[in-house]
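Notes for the one structure printed next.
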Amino acid sequence: MKQEAASGGRKENQIRTKKGIPGLIDSTVTSTIEDLKAIIDAKLELFKIEMTEKVALVSALLLLLVVLMIGVAYLITTIALLFGELFGHVWLGYLLVSMVFILTFAFFTKVKPDALKNFIHKILLSANDYRK
């Protein structure tokens with residue numbers, strides 16, 4: 001413990017004993033290095049904060065998407081049960097709902113493959129107020 005204090009004291013004495021231009025250069029370089037270390041530490045902390053904020057946003061959006069998908073699944077099941085009640089057979093309701101999804105898939109893959117892409121592209125452009 002005494003050695004550390006003595007060596008720390010020696011450094012301070014060496015810096016103090018250096019006078020003139022060499023002492024000024026030494027103190028300037030030392031303070032510049034310390035300032036650079038502080039700037040780098042601050043930038044790293046800022047980067048960590050920004051990244052945790054982005055991860056939190058993505059996590060929240062992902063959680064909301066899962067909740068939405070569960071809600072849509074229950075809604076689809078409810079609609080299928082409703083149509084099944086209306087037609088007198090539960091399987092007819094599920095068949096009707098399934099056919100709607102299969103026909104939608106076939107329409108967007110075979111009949112108009114670019115329609116969905118163009119529709120989503122227009123929505124994204126309008127959300128960003130981009131004018132063509």
For the atom pair [atom1] ([X]) and [atom2] ([Y]), what is the distance rounded to the nearest 0.5 Å?
X   : Y   : atom1 : atom2 : value
T52 : L57 : OG1   : CG    : 11.5 Å
T30 : D35 : OG1   : CG    : 10.5 Å
I40 : F47 : CD1   : CZ    : 14.5 Å
L96 : L86 : CG    : CG    : 10.0 Å

Minimum heavy-atom separation for T28 to T32, with atom names?
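In this case the closest contact between T28 and T32 is O-OG1, 2.6 Å.
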I'd like to know if [Y] and [X] are part of one continuous hydrophobic network [Ile/Leu/Val/Met/Phe/Trp/Tyr, side-chain heavy atoms within less than 4.5 Å].
X   : Y   : value
L81 : V97 : no
V67 : V72 : no
V66 : Y74 : yes

Q: Dump the intermediate steps for side chain to side chain contact (heavy atoms under 4.5 Å, CB included) on L61 and L65, then the final yes or no.
A: CA-CA 6 Å; L61 289 175; L65 181 66; over 6 Å; no
- Message: Tell me whether the count of non-hydrogen atoms from other residues, nucleotides or ligands lying under 6.0 Å of CD1 in I21 goes above 12.
- Response: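 Check fails, neighbour count at 12 or below.
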- Do F83 and L95 have side-chain heavy atoms sitting under 4.5 Å apart?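 Result no, sub-4.5 Å side-chain heavy-atom pair not found.
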Sequence neighbours excluded and cut-off under 3.5 Å, please list the side-chain donor-acceptor pairs for residues 99-118, or say none.
{"unit_1": "T104", "atom_1": "OG1", "unit_2": "V100", "atom_2": "O", "d": "2.7"}
{"unit_1": "T109", "atom_1": "OG1", "unit_2": "F105", "atom_2": "O", "d": "2.8"}
{"unit_1": "T109", "atom_1": "OG1", "unit_2": "A106", "atom_2": "O", "d": "3.4"}
{"unit_1": "N118", "atom_1": "ND2", "unit_2": "D114", "atom_2": "O", "d": "3.1"}

- request: Scan for salt bridge (Lys or Arg N to Asp or Glu O under 4.0 Å) pairs involving residues 38-60, sequence neighbours excluded, and state none if there are none.
  value: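 Found E45-K48.
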